[in-house]
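Okay, so here's the structure we're looking at.
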Number of protein chains: 2
Amino acid sequence: MPKQTFFNLEPPKRQRVIDRAVEEFARLPFEQASLSKVVEDCGISKGSMYQYFEDKLDLYLYIVDLAYEEKRRFVAQAFATGGDIFTVLEEYYLQSYCFAQEHPLLHQVANKFWDSKAEVLKEHREQGLLSRARDFAQFLNEAMAQGEVNRGLDPEAVFFVYHAVGKDLIDHFDQGRNGQFLKKVLDVLRLGLTTRREEM
Amino acid sequence: MPKQTFFNLEPPKRQRVIDRAVEEFARLPFEQASLSKVVEDCGISKGSMYQYFEDKLDLYLYIVDLAYEEKRRFVAQAFATGGDIFTVLEEYYLQSYCFAQEHPLLHQVANKFWDSKAEVLKEHREQGLLSRARDFAQFLNEAMAQGEVNRGLDPEAVFFVYHAVGKDLIDHFDQGRNGQFLKKVLDVLRLGLTTRREEM
DNA sequence: CTCCAATGTGACTACCCAGTCATATGTTAG
DNA sequence: CTAACATATGACTGGGTAGTCACATTGGAG
């Protein structure tokens, strides 16, 4: 958490700090990002930065939080619209795609956070993963109860697959993957590889 | 490529360099790994290291190559045994699992190489990805021709899914995921989420 | 034994980093 | 006007890094 001093700043100055930090953490993962560079680009002194934040990690987590806060505003719509699990999942990834398009830097910040293997971030990552897993489990459970999803599948394995594919999809949003491709990928997950006799 | 001097070394000394470098690159990704630390742990001088290798990248790529060379010795068996595409893929991941168990450090080196976003490694990563994609495309093509795999799916999307899931599976081999879980994950990919009417 | 090429060395350069602290400059209250 | 407090500063500390180079050592050929 930033110190009170940071929130006492006049908004334009505060925003400048945020903007430069976002740029830096979008460019490089936590360990390689340079607080010195952020400070320099902001036109403030090193000492000031340490009046605003406890340390580099404090600044980083604040920026990551901002990114996820904004992202939540997008993906929340997916759960609001309703429909079967496949509709919701497609909408979820479409909204993630919109987020990536509209906030490319925040998108990269979020991606790099997720990829990071840094020990200091381990706890934060695992907490996020657990909370997603819980939400997904409940969601999947309902879909299985409704008969939308094959009851023979292992829910943990399903989450594993969706998480892996979802992460990679989101990772590649800024590399020319469009909404059409997203649909085809979700088709693979929905239908499975084995030919469906019922459809032949 | 290491310089000739490296290959002129007495094997035990050469091996010590390799072993320490493997440890370091298993511990940390390229950018964060410390050549100075490798040198120190080897008990050789910095200058000597630069007699053996052009630079840090040269050493790194040599180590990564060793890791993949060893890994290939495992996964090659999957393609040798034959069977349908699902049998081969399961065997492929089982062999990857064996590799991770028997060579945990090389496994981590390979994983960290794959995860790395470093610009200097971009070309090497992309070349590896392309070559895998080509192999997979041919393999999938045959399976579709044989009717083993749903012809309605987009081959590129199938590769995307398998690559994402496979990467994550392999990433988590050293975190208590066993062969049973692997099978369940592959079931999800094989069958898809939607309930199959033919099996009800 | 001698010479020479191959090999080994580690102090050194030139850089980068996070975080600190004594000092200076507002800013507000009495 | 002054005292007290909040904020700003940047040189500095102590640490790390990759890569270099003048010099030292070694080992074999003649």
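Throughout, a chain's letter reflects where its sequence line sits, starting with A, and its residues are numbered from 1.
A straight line from OH of A:Y52 to C1' of D:dT9 spans 11 Å, rounded to a whole angstrom. A straight line from CD of A:E10 to C1' of D:dA8 spans 12 Å, rounded to a whole angstrom. A:E54 has its CD atom 14 Å from the C1' atom of C:dA18, to the nearest Å. Per the geometry, CG belonging to A:D55 stands 17 Å off P belonging to C:dC17, to the nearest Å. Rounded to whole Å, atom C1' of C:dT9 lies 15 Å from atom CD of B:E40. Atom-to-atom, CD of A:Q32 to C1' of C:dC16 comes out at 13 Å; the value is rounded to the nearest Å. The CD atom of A:E31 sits 12 Å away from the P atom of C:dA18 (whole-angstrom rounding). A:Q51 places its CD atom 13 Å from the P atom of C:dC21, with the value rounded to the nearest Å.
Residue contacts for B:F6: at a heavy-atom cut-off of 4.0 Å it reaches no nucleic acid atom on any strand shown. In this structure, B:F53 reaches neither bases nor backbone, as no heavy-atom distance under 4.0 Å exists between it and the strands shown. Looking at heavy-atom distances under 4.0 Å, A:K3 makes no contact with the nucleic acid at all.
Taking side-chain N and O atoms only, A:S34 has a distance below 4.0 Å to OP1 or OP2 of C:dC17. One finds no side-chain N or O of A:S45 lying less than 4.0 angstrom from the OP1 or OP2 phosphate oxygen of D:dA8. Using a 4.0 Å cut-off, some side-chain N or O of A:S36 falls inside it from OP1 or OP2 of C:dA18. Taking only side-chain nitrogens and oxygens, B:N8 never comes nearer than 4.0 Å to OP1 or OP2 of C:dA6. The phosphate of D:dT7 (OP1 or OP2) has a side-chain N or O of A:T5 nearer than 4.0 angstrom. The phosphate of D:dT17 has neither OP1 nor OP2 within less than 4.0 Å of any side-chain N or O from B:K56. Put simply, A:Y50 has no side-chain N or O that comes within less than 4.0 Å of OP1 or OP2 on D:dT9.
Between B:D135 and B:R132, no side-chain nitrogen of the basic residue sits less than 4.0 Å from a carboxylate oxygen of the acidic one, so the salt-bridge criterion is not met.
Looking at A:K46, its side chain has no donor and acceptor atom pair within 3.5 Å of the base of D:dA11.
In terms of heavy atoms, B:V188 sits closest to A:A157 at CG2-CB, 4.0 Å. Contact record, A:R14 with A:L9: NH1-O, 3.5 Å, taken as the closest heavy-atom pair.
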Output, in order, the C-alpha distance, side-chain angles, deciding distance and verdict of salt bridge (Lys or Arg N to Asp or Glu O under 4.0 Å) for A:K37 and A:E40. CA-CA 5 Å; A:K37 214 160 270 170; A:E40 197 182 338; over 6 Å; no
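The side-chain contact (heavy atoms from CB on, under 4.5 Å) test with A:Q95 is passed by exactly one of A:R72, A:R73, A:K71, A:Q77: A:Q77.
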